[in-house]
Amino acid sequence: MIAVIDYRAGNLTSVKKALDHLGADAVVSRNPNVIVQADKIVLPGVGHFSATAILEQTGLRTAILRRIEQRVPFLGICVGMQWMFESSTEAPGTEGLGLFAGACGRFPESVKSPHVGWNSLVCDNGSRLLRGIPSGSFVYFTHSYSAPVVNATVARCDYGGEFSAAVEQDNLFGVQFHPEKSGDLGLKLLKNFCSL
Amino acid sequence: MLTKRIIACLDVTAGRVVKGVQFEQLRDAGDPAELAAAHSQAGADEVVLLDISATHEKRATLADTVRRTARQLFIPFTVGGGIRSLDDAICVFEAGADKISINSAALADPSLITRIAERYGSQAVIVAIDAKHINGEACFEAYVSGGRNATGRDAVAWAREAEERGAGEILLTSMDRDGTGIGFDCELTRACSEALHIPVIASGGGGDTQSFVDVFQRGKADAALAASIFHFGLHSLADLKRELRSAGIPVRWPC
(Lines give C-alpha, C1' and ligand atoms only; values in the text may rest on other atoms or scores of the structure.)
Protein backbone atom coordinates (compact mmCIF):
# COMPACT_ATOMS: atom_id res chain seq x y z
CA MET A 1 0.00 0.00 0.00
CA ILE A 2 1.22 3.47 -0.93
CA ALA A 3 0.31 6.15 1.59
CA VAL A 4 -0.26 9.60 0.12
CA ILE A 5 0.11 11.96 3.04
CA ASP A 6 -2.69 14.46 3.49
CA TYR A 7 -1.40 17.49 5.32
CA ARG A 8 -4.31 19.73 4.49
CA ALA A 9 -2.38 21.84 2.01
CA GLY A 10 -3.29 22.12 -1.60
CA ASN A 11 -4.82 19.60 -3.88
CA LEU A 12 -4.11 15.92 -3.29
CA THR A 13 -6.59 14.45 -5.70
CA SER A 14 -4.28 14.66 -8.72
CA VAL A 15 -1.52 12.49 -7.20
CA LYS A 16 -4.04 9.91 -6.01
CA LYS A 17 -5.72 9.97 -9.42
CA ALA A 18 -2.42 9.32 -11.24
CA LEU A 19 -1.56 6.42 -8.88
CA ASP A 20 -5.06 4.98 -9.36
CA HIS A 21 -4.60 5.24 -13.12
CA LEU A 22 -1.41 3.16 -12.78
CA GLY A 23 -3.30 0.54 -10.82
CA ALA A 24 -1.41 1.21 -7.58
CA ASP A 25 -3.00 0.59 -4.18
CA ALA A 26 -2.90 4.19 -2.94
CA VAL A 27 -4.53 5.54 0.20
CA VAL A 28 -4.77 9.22 1.13
CA SER A 29 -4.27 9.53 4.87
CA ARG A 30 -3.23 11.82 7.70
CA ASN A 31 -3.19 9.00 10.22
CA PRO A 32 0.31 8.12 11.54
CA ASN A 33 -0.87 4.52 12.13
CA VAL A 34 -1.55 4.16 8.42
CA ILE A 35 1.82 5.69 7.52
CA VAL A 36 3.80 3.22 9.64
CA GLN A 37 2.15 0.34 7.76
CA ALA A 38 2.75 1.74 4.28
CA ASP A 39 5.14 0.01 1.85
CA LYS A 40 5.79 3.33 0.15
CA ILE A 41 5.13 6.92 1.10
CA VAL A 42 4.35 9.92 -1.11
CA LEU A 43 4.40 13.42 0.30
CA PRO A 44 2.73 15.65 -2.29
CA GLY A 45 2.56 19.35 -1.93
CA VAL A 46 1.62 22.56 -3.47
CA GLY A 47 1.51 25.58 -1.27
CA HIS A 48 3.64 27.14 1.40
CA PHE A 49 6.64 25.58 3.17
CA SER A 50 5.05 26.52 6.51
CA ALA A 51 2.16 24.14 5.71
CA THR A 52 4.56 21.30 6.53
CA ALA A 53 4.53 22.43 10.20
CA ILE A 54 1.37 20.38 10.62
CA LEU A 55 3.42 17.22 10.03
CA GLU A 56 5.27 17.95 13.28
CA GLN A 57 2.10 18.75 15.22
CA THR A 58 0.22 15.62 14.16
CA GLY A 59 2.94 13.05 14.76
CA LEU A 60 3.34 12.45 11.03
CA ARG A 61 6.95 13.61 11.04
CA THR A 62 7.91 10.92 13.55
CA ALA A 63 5.99 8.26 11.60
CA ILE A 64 7.65 9.30 8.32
CA LEU A 65 11.16 9.31 9.83
CA ARG A 66 10.57 5.88 11.33
CA ARG A 67 9.53 4.42 7.98
CA ILE A 68 12.44 6.13 6.22
CA GLU A 69 14.85 4.50 8.72
CA GLN A 70 13.21 1.18 7.91
CA ARG A 71 14.17 1.87 4.29
CA VAL A 72 10.67 2.31 2.95
CA PRO A 73 10.75 4.25 -0.37
CA PHE A 74 9.73 7.86 0.17
CA LEU A 75 8.85 10.33 -2.60
CA GLY A 76 8.50 14.05 -1.90
CA ILE A 77 6.84 16.17 -4.60
CA CYS A 78 7.29 19.96 -4.95
CA VAL A 79 7.12 21.39 -1.41
CA GLY A 80 7.30 17.75 -0.28
CA MET A 81 10.78 17.56 -1.83
CA GLN A 82 11.79 20.94 -0.40
CA TRP A 83 10.82 19.65 3.05
CA MET A 84 13.48 16.91 2.69
CA PHE A 85 16.09 19.68 2.90
CA GLU A 86 17.02 21.54 6.11
CA SER A 87 14.91 24.65 5.70
CA SER A 88 13.47 27.24 3.33
CA THR A 89 13.68 31.01 3.32
CA GLU A 90 9.93 30.90 2.62
CA ALA A 91 9.28 29.94 6.27
CA PRO A 92 12.43 30.49 8.36
CA GLY A 93 10.76 29.10 11.52
CA THR A 94 9.76 25.79 9.95
CA GLU A 95 12.27 22.97 10.11
CA GLY A 96 12.66 20.57 7.20
CA LEU A 97 13.52 16.88 7.58
CA GLY A 98 17.19 17.62 6.94
CA LEU A 99 17.71 14.48 4.86
CA PHE A 100 19.67 16.62 2.41
CA ALA A 101 21.93 19.51 3.32
CA GLY A 102 21.06 23.07 2.39
CA ALA A 103 18.19 25.51 2.38
CA CYS A 104 15.60 26.22 -0.30
CA GLY A 105 15.55 29.78 -1.59
CA ARG A 106 13.59 32.15 -3.81
CA PHE A 107 14.29 32.65 -7.52
CA PRO A 108 16.35 35.73 -8.38
CA GLU A 109 14.55 38.95 -9.34
CA SER A 110 15.81 38.56 -12.92
CA VAL A 111 13.16 35.93 -13.71
CA LYS A 112 9.40 35.84 -13.29
CA SER A 113 8.15 34.02 -10.24
CA PRO A 114 6.48 31.58 -9.84
CA HIS A 115 8.35 29.41 -12.34
CA VAL A 116 5.31 28.02 -14.18
CA GLY A 117 5.34 25.69 -17.14
CA TRP A 118 7.24 22.94 -18.91
CA ASN A 119 11.00 23.06 -18.52
CA SER A 120 13.66 20.56 -19.54
CA LEU A 121 15.73 18.28 -17.33
CA VAL A 122 19.42 17.45 -17.33
CA CYS A 123 19.44 13.92 -15.92
CA ASP A 124 22.18 11.74 -14.46
CA ASN A 125 22.36 8.19 -15.71
CA GLY A 126 21.68 5.50 -13.20
CA SER A 127 18.71 7.05 -11.43
CA ARG A 128 16.08 4.42 -10.63
CA LEU A 129 13.32 7.03 -10.43
CA LEU A 130 14.17 8.51 -13.84
CA ARG A 131 14.60 5.23 -15.70
CA GLY A 132 13.42 5.82 -19.29
CA ILE A 133 13.35 9.60 -18.84
CA PRO A 134 16.31 11.04 -20.78
CA SER A 135 17.94 14.45 -20.52
CA GLY A 136 15.98 17.02 -22.47
CA SER A 137 12.62 15.66 -21.29
CA PHE A 138 10.04 18.31 -20.43
CA VAL A 139 8.13 18.23 -17.15
CA TYR A 140 5.68 20.62 -15.50
CA PHE A 141 6.86 22.95 -12.74
CA THR A 142 5.00 25.48 -10.60
CA HIS A 143 6.95 26.93 -7.68
CA SER A 144 8.53 30.11 -6.31
CA TYR A 145 11.26 28.47 -4.19
CA SER A 146 13.75 25.81 -5.17
CA ALA A 147 16.31 23.47 -3.64
CA PRO A 148 20.06 23.72 -4.30
CA VAL A 149 22.02 21.20 -6.35
CA VAL A 150 23.51 18.64 -3.92
CA ASN A 151 25.34 15.29 -4.16
CA ALA A 152 22.00 13.47 -4.28
CA THR A 153 20.76 15.55 -7.22
CA VAL A 154 19.92 13.28 -10.17
CA ALA A 155 18.22 15.89 -12.39
CA ARG A 156 18.89 19.58 -12.67
CA CYS A 157 16.81 22.34 -14.21
CA ASP A 158 17.78 25.88 -15.14
CA TYR A 159 15.63 28.90 -14.34
CA GLY A 160 17.59 31.95 -13.23
CA GLY A 161 20.30 29.43 -12.28
CA GLU A 162 20.45 25.71 -11.69
CA PHE A 163 18.39 23.98 -9.04
CA SER A 164 17.56 20.40 -8.04
CA ALA A 165 14.72 19.04 -10.18
CA ALA A 166 15.11 15.53 -8.72
CA VAL A 167 17.06 14.01 -5.84
CA GLU A 168 17.67 10.35 -5.09
CA GLN A 169 19.64 8.55 -2.40
CA ASP A 170 18.97 5.00 -1.24
CA ASN A 171 15.24 4.91 -0.42
CA LEU A 172 14.82 8.70 -0.61
CA PHE A 173 13.39 10.35 -3.72
CA GLY A 174 12.23 13.87 -4.41
CA VAL A 175 11.01 15.81 -7.44
CA GLN A 176 10.44 19.55 -7.68
CA PHE A 177 8.14 19.17 -10.70
CA HIS A 178 4.72 17.55 -10.76
CA PRO A 179 4.89 14.03 -12.25
CA GLU A 180 1.12 13.76 -11.90
CA LYS A 181 0.82 16.75 -14.28
CA SER A 182 3.69 15.94 -16.64
CA GLY A 183 1.86 13.75 -19.13
CA ASP A 184 3.15 10.31 -20.10
CA LEU A 185 6.70 10.96 -18.83
CA GLY A 186 5.36 11.90 -15.41
CA LEU A 187 3.29 8.74 -15.28
CA LYS A 188 6.41 6.77 -16.21
CA LEU A 189 8.26 8.28 -13.25
CA LEU A 190 5.43 7.39 -10.88
CA LYS A 191 5.38 3.89 -12.32
CA ASN A 192 9.12 3.61 -11.66
CA PHE A 193 8.47 4.61 -8.04
CA CYS A 194 5.61 2.12 -7.71
CA SER A 195 7.80 -0.71 -9.02
CA LEU A 196 10.73 -0.09 -6.63
CA MET B 1 14.78 26.21 -20.84
CA LEU B 2 11.27 27.19 -19.83
CA THR B 3 9.00 26.75 -22.84
CA LYS B 4 6.11 28.87 -24.07
CA ARG B 5 2.82 27.16 -23.35
CA ILE B 6 -0.06 26.55 -25.76
CA ILE B 7 -3.25 26.21 -23.75
CA ALA B 8 -6.36 24.63 -25.25
CA CYS B 9 -9.69 26.08 -24.15
CA LEU B 10 -13.00 24.21 -24.19
CA ASP B 11 -16.28 26.08 -23.73
CA VAL B 12 -18.85 23.95 -21.93
CA THR B 13 -22.45 24.23 -20.92
CA ALA B 14 -24.64 21.60 -19.29
CA GLY B 15 -21.80 19.09 -19.40
CA ARG B 16 -21.12 19.36 -23.15
CA VAL B 17 -18.52 21.20 -25.16
CA VAL B 18 -20.21 23.76 -27.37
CA LYS B 19 -19.26 25.74 -30.38
CA GLY B 20 -20.69 29.20 -30.88
CA VAL B 21 -22.19 29.91 -34.28
CA GLN B 22 -23.16 33.46 -35.11
CA PHE B 23 -23.07 34.68 -31.53
CA GLU B 24 -25.89 32.97 -29.68
CA GLN B 25 -26.52 29.71 -31.53
CA LEU B 26 -24.60 26.99 -29.74
CA ARG B 27 -23.95 23.67 -31.35
CA ASP B 28 -23.05 20.54 -29.41
CA ALA B 29 -19.47 19.56 -30.15
CA GLY B 30 -18.70 16.65 -27.89
CA ASP B 31 -17.79 15.27 -24.52
CA PRO B 32 -15.41 17.44 -22.43
CA ALA B 33 -13.49 14.47 -20.97
CA GLU B 34 -12.86 12.95 -24.40
CA LEU B 35 -11.94 16.25 -26.04
CA ALA B 36 -9.61 17.28 -23.20
CA ALA B 37 -7.75 13.96 -23.43
CA ALA B 38 -7.54 14.30 -27.23
CA HIS B 39 -6.05 17.79 -26.85
CA SER B 40 -3.50 16.49 -24.38
CA GLN B 41 -2.47 13.78 -26.84
CA ALA B 42 -2.26 16.33 -29.65
CA GLY B 43 0.27 18.37 -27.70
CA ALA B 44 -1.65 20.96 -25.68
CA ASP B 45 0.43 22.00 -22.67
CA GLU B 46 -2.61 22.69 -20.52
CA VAL B 47 -6.38 22.52 -20.79
CA VAL B 48 -8.84 25.19 -19.69
CA LEU B 49 -12.48 24.31 -19.29
CA LEU B 50 -14.66 27.41 -19.41
CA ASP B 51 -18.25 27.12 -18.22
CA ILE B 52 -20.30 29.51 -20.33
CA SER B 53 -23.67 28.37 -18.94
CA ALA B 54 -26.17 31.16 -18.88
CA THR B 55 -28.32 29.60 -16.17
CA HIS B 56 -27.85 28.10 -12.74
CA GLU B 57 -29.55 24.86 -13.84
CA LYS B 58 -27.06 24.30 -16.62
CA ARG B 59 -24.14 25.01 -14.28
CA ALA B 60 -25.24 22.35 -11.79
CA THR B 61 -23.42 19.67 -13.79
CA LEU B 62 -20.05 21.48 -13.64
CA ALA B 63 -18.54 19.51 -10.74
CA ASP B 64 -19.41 16.23 -12.44
CA THR B 65 -17.95 17.44 -15.75
CA VAL B 66 -14.75 18.53 -13.99
CA ARG B 67 -14.49 15.18 -12.19
CA ARG B 68 -14.90 13.17 -15.38
CA THR B 69 -12.44 15.35 -17.29
CA ALA B 70 -9.80 15.37 -14.55
CA ARG B 71 -9.85 11.57 -14.25
CA GLN B 72 -8.18 11.06 -17.62
CA LEU B 73 -6.08 14.22 -17.86
CA PHE B 74 -2.47 14.24 -16.64
CA ILE B 75 -1.50 17.78 -17.63
CA PRO B 76 -2.49 20.99 -15.80
CA PHE B 77 -6.22 21.57 -15.78
CA THR B 78 -7.89 24.94 -15.16
CA VAL B 79 -11.58 25.56 -14.65
CA GLY B 80 -13.22 28.96 -15.04
CA GLY B 81 -16.57 30.59 -15.56
CA GLY B 82 -19.08 31.43 -12.88
CA ILE B 83 -16.81 30.95 -9.86
CA ARG B 84 -18.15 33.62 -7.47
CA SER B 85 -17.04 32.52 -4.01
CA LEU B 86 -14.50 30.49 -2.07
CA ASP B 87 -17.13 27.74 -1.82
CA ASP B 88 -17.53 27.65 -5.61
CA ALA B 89 -13.74 27.36 -5.92
CA ILE B 90 -13.52 24.58 -3.30
CA CYS B 91 -16.16 22.61 -5.16
CA VAL B 92 -14.19 22.81 -8.43
CA PHE B 93 -10.83 21.99 -6.77
CA GLU B 94 -12.32 18.99 -4.98
CA ALA B 95 -13.64 17.76 -8.32
CA GLY B 96 -10.05 17.72 -9.62
CA ALA B 97 -9.12 21.14 -11.04
CA ASP B 98 -5.50 22.20 -10.54
CA LYS B 99 -6.23 25.89 -11.00
CA ILE B 100 -9.30 28.07 -11.10
CA SER B 101 -9.84 31.20 -13.14
CA ILE B 102 -11.87 34.10 -11.75
CA ASN B 103 -12.89 37.33 -13.46
CA SER B 104 -15.97 39.38 -12.51
CA ALA B 105 -16.06 38.02 -8.96
CA ALA B 106 -12.45 39.12 -8.38
CA LEU B 107 -13.19 42.65 -9.51
CA ALA B 108 -16.33 42.79 -7.35
CA ASP B 109 -14.42 41.50 -4.32
CA PRO B 110 -10.63 41.43 -4.80
CA SER B 111 -10.16 39.72 -1.40
CA LEU B 112 -11.49 36.55 -3.05
CA ILE B 113 -8.10 36.21 -4.82
CA THR B 114 -6.28 36.20 -1.48
CA ARG B 115 -8.71 33.84 0.21
CA ILE B 116 -8.41 31.22 -2.54
CA ALA B 117 -4.60 31.68 -2.74
CA GLU B 118 -4.23 31.21 1.02
CA ARG B 119 -6.04 27.91 0.85
CA TYR B 120 -4.71 26.44 -2.41
CA GLY B 121 -1.57 28.47 -3.12
CA SER B 122 -1.05 31.29 -5.63
CA GLN B 123 -0.15 28.81 -8.36
CA ALA B 124 -3.78 27.68 -8.31
CA VAL B 125 -5.32 31.12 -8.86
CA ILE B 126 -5.59 32.66 -12.32
CA VAL B 127 -7.19 36.08 -12.59
CA ALA B 128 -8.82 36.53 -16.00
CA ILE B 129 -9.04 40.06 -17.36
CA ASP B 130 -11.07 41.12 -20.40
CA ALA B 131 -9.51 44.31 -21.74
CA LYS B 132 -10.42 46.78 -24.43
CA HIS B 133 -8.35 49.52 -26.04
CA ILE B 134 -9.44 53.01 -25.01
CA ASN B 135 -9.91 55.05 -28.18
CA GLY B 136 -7.01 57.30 -29.00
CA GLU B 137 -5.00 56.32 -25.94
CA ALA B 138 -2.28 53.77 -25.29
CA CYS B 139 -4.19 52.22 -22.43
CA PHE B 140 -6.77 49.52 -21.83
CA GLU B 141 -9.91 49.25 -19.73
CA ALA B 142 -11.05 46.13 -17.87
CA TYR B 143 -14.56 44.83 -18.56
CA VAL B 144 -16.70 42.34 -16.65
CA SER B 145 -19.74 40.12 -17.16
CA GLY B 146 -18.49 38.55 -20.36
CA GLY B 147 -17.35 41.90 -21.73
CA ARG B 148 -20.72 43.61 -21.30
CA ASN B 149 -19.84 46.11 -18.57
CA ALA B 150 -16.97 48.58 -18.43
CA THR B 151 -15.36 48.95 -15.01
CA GLY B 152 -13.43 52.20 -15.41
CA ARG B 153 -10.34 50.31 -14.22
CA ASP B 154 -7.07 50.37 -16.12
CA ALA B 155 -6.46 46.75 -17.10
CA VAL B 156 -2.72 46.77 -16.37
CA ALA B 157 -3.22 48.47 -12.99
CA TRP B 158 -5.86 45.86 -12.12
CA ALA B 159 -3.49 43.06 -13.17
CA ARG B 160 -0.84 44.51 -10.87
CA GLU B 161 -3.30 44.61 -7.97
CA ALA B 162 -4.34 41.01 -8.69
CA GLU B 163 -0.67 39.98 -8.50
CA GLU B 164 -0.23 41.77 -5.16
CA ARG B 165 -3.32 40.07 -3.80
CA GLY B 166 -1.97 36.62 -4.63
CA ALA B 167 -2.82 35.72 -8.23
CA GLY B 168 -0.34 33.24 -9.72
CA GLU B 169 -1.05 34.00 -13.39
CA ILE B 170 -3.05 36.47 -15.47
CA LEU B 171 -5.25 35.33 -18.36
CA LEU B 172 -5.48 38.43 -20.51
CA THR B 173 -8.11 38.56 -23.25
CA SER B 174 -8.19 41.32 -25.83
CA MET B 175 -11.84 42.08 -26.51
CA ASP B 176 -10.84 43.99 -29.63
CA ARG B 177 -9.21 40.88 -31.09
CA ASP B 178 -11.34 38.09 -29.63
CA GLY B 179 -12.87 35.92 -32.34
CA THR B 180 -11.18 37.81 -35.18
CA GLY B 181 -8.25 35.50 -35.80
CA ILE B 182 -6.22 38.51 -36.98
CA GLY B 183 -3.59 38.13 -34.28
CA PHE B 184 -3.20 38.76 -30.56
CA ASP B 185 -2.98 42.31 -29.19
CA CYS B 186 0.79 42.40 -28.66
CA GLU B 187 0.69 45.93 -27.29
CA LEU B 188 -1.74 44.98 -24.52
CA THR B 189 0.06 41.71 -23.76
CA ARG B 190 3.47 43.35 -23.60
CA ALA B 191 2.25 46.22 -21.37
CA CYS B 192 0.86 43.69 -18.92
CA SER B 193 3.75 41.23 -19.09
CA GLU B 194 6.36 43.94 -18.47
CA ALA B 195 4.40 45.40 -15.55
CA LEU B 196 4.08 42.06 -13.75
CA HIS B 197 6.33 39.51 -12.11
CA ILE B 198 3.88 36.61 -12.70
CA PRO B 199 3.20 34.83 -16.02
CA VAL B 200 0.75 36.32 -18.52
CA ILE B 201 -1.41 34.12 -20.76
CA ALA B 202 -2.44 35.91 -23.96
CA SER B 203 -5.90 35.30 -25.35
CA GLY B 204 -8.06 36.67 -28.14
CA GLY B 205 -7.14 36.92 -31.80
CA GLY B 206 -4.94 33.86 -32.22
CA GLY B 207 -4.92 32.71 -35.82
CA ASP B 208 -1.99 31.57 -37.90
CA THR B 209 1.41 30.47 -36.61
CA GLN B 210 2.84 33.96 -37.08
CA SER B 211 0.27 35.41 -34.66
CA PHE B 212 1.63 33.08 -31.97
CA VAL B 213 5.24 33.89 -32.85
CA ASP B 214 4.37 37.60 -32.54
CA VAL B 215 2.66 37.33 -29.16
CA PHE B 216 5.60 35.40 -27.71
CA GLN B 217 8.31 37.60 -29.22
CA ARG B 218 6.79 41.10 -29.38
CA GLY B 219 4.03 40.59 -26.80
CA LYS B 220 6.34 38.85 -24.31
CA ALA B 221 3.56 36.41 -23.44
CA ASP B 222 4.45 33.41 -21.28
CA ALA B 223 1.61 31.34 -22.72
CA ALA B 224 -1.10 31.67 -25.33
CA LEU B 225 -4.64 30.40 -25.22
CA ALA B 226 -5.76 28.69 -28.40
CA ALA B 227 -9.50 29.13 -28.53
CA SER B 228 -11.22 25.78 -28.79
CA ILE B 229 -10.47 23.19 -31.43
CA PHE B 230 -13.15 24.72 -33.61
CA HIS B 231 -10.81 27.52 -34.37
CA PHE B 232 -7.95 25.12 -33.95
CA GLY B 233 -8.25 21.57 -35.25
CA LEU B 234 -6.46 18.84 -33.33
CA HIS B 235 -4.02 18.30 -36.18
CA SER B 236 -3.26 21.97 -36.50
CA LEU B 237 -2.47 22.12 -32.77
CA ALA B 238 0.40 19.68 -33.33
CA ASP B 239 1.38 21.54 -36.52
CA LEU B 240 1.35 24.84 -34.64
CA LYS B 241 3.85 23.56 -32.09
CA ARG B 242 6.06 22.10 -34.79
CA GLU B 243 6.05 25.41 -36.68
CA LEU B 244 6.70 27.45 -33.54
CA ARG B 245 9.71 25.27 -32.87
CA SER B 246 11.02 25.90 -36.40
CA ALA B 247 10.52 29.63 -35.82
CA GLY B 248 12.80 29.46 -32.80
CA ILE B 249 10.12 29.67 -30.10
CA PRO B 250 10.92 27.23 -27.28
CA VAL B 251 8.03 24.78 -27.00
CA ARG B 252 7.58 21.37 -25.43
CA TRP B 253 8.40 18.96 -28.22
CA PRO B 254 7.93 16.07 -28.65
CA CYS B 255 4.92 16.13 -26.37
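Just the heavy atoms: all of them, side chains too, but no hydrogens, waters or symmetry mates, feed the values below.
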Can you tell me how far [atom2] of [Y] sits from [atom1] of [X], rounded to the nearest 0.5 angstrom?
X: A/Cys157; Y: B/Leu2; atom1: SG; atom2: CG; result: 8.0 Å
X: A/Leu22; Y: B/Phe74; atom1: CG; atom2: CZ; result: 7.5 Å
X: A/Glu180; Y: B/Leu73; atom1: CD; atom2: CG; result: 12.0 Å
X: B/Arg67; Y: A/Thr13; atom1: CZ; atom2: OG1; result: 10.0 Å
X: B/Gln123; Y: A/His143; atom1: CD; atom2: NE2; result: 11.0 Å
X: A/Asp20; Y: B/Arg71; atom1: CG; atom2: CZ; result: 10.0 Å

Name, in order of residue number, those residues of residues 160-173 of chain A that have a heavy atom at a distance of less than 4.5 Å from a heavy atom in chain B; otherwise write 'none'.
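Contacts with chain B: none.
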Does anything in residues 108-118 of chain A reach chain B? List residues with heavy atoms under 4.5 Å apart, or say none.
A/Glu109, A/Val111, A/Lys112, A/Ser113, A/Pro114, A/His115, A/Val116, A/Gly117, A/Trp118
Relative to B/Phe77, does A/Lys181 satisfy both conditions: NZ or CZ under 6.0 angstrom from the six-membered ring centre, and within 45 degrees of the ring's axis?
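Here A/Lys181 fails the 6.0 Å and 45° test against B/Phe77.
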Tell me the residues of residues 158-170 of chain B whose non-hydrogen atoms fall below 4.5 Å from those of chain A, in number order.
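Result: B/Gly168, B/Glu169.
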Could you list which of residues 189-199 of chain B have a heavy atom closer than 4.5 Å to any heavy atom of chain A, in residue-number order?
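Checking residues 189-199 of chain B against chain A gives B/Ser193, B/Leu196, B/His197, B/Ile198, B/Pro199.
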Count the heavy atoms of every other residue, nucleotide or ligand shown that sit under 6.0 Å from CZ of A/Arg128, and state whether that count exceeds 12.
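Counting neighbours around CZ of A/Arg128, more than 12 heavy atoms of other residues, nucleotides or ligands fall under 6.0 Å, so yes.
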Between A/Leu187 and chain B, which part of the residue has a heavy atom less than 4.5 Å away: side chain, backbone, both or neither?
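Side chain only.
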On a heavy-atom basis, which atom in B/Met1 and which in A/Phe138 lie closest, and how many Å separate them?
O-CE2, 4.0 Å
Which bit of B/Ala124 comes within less than 4.5 Å of chain A, counting heavy atoms only: side chain, backbone, both or neither?
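When you check distances to chain A, no heavy atom of B/Ala124 falls under 4.5 Å.
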Do the non-hydrogen side-chain atoms of A/Tyr140 and B/Glu46 ever get within less than 4.5 Å of each other?
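Yes - at least one pair of side-chain heavy atoms lies under 4.5 Å apart.
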Flag the one option from B/Ala223, B/Pro76, B/Pro250 with the top tally of heavy-atom pairs under 4.5 Å to chain A.
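Highest number of pairs under 4.5 Å: B/Pro76.
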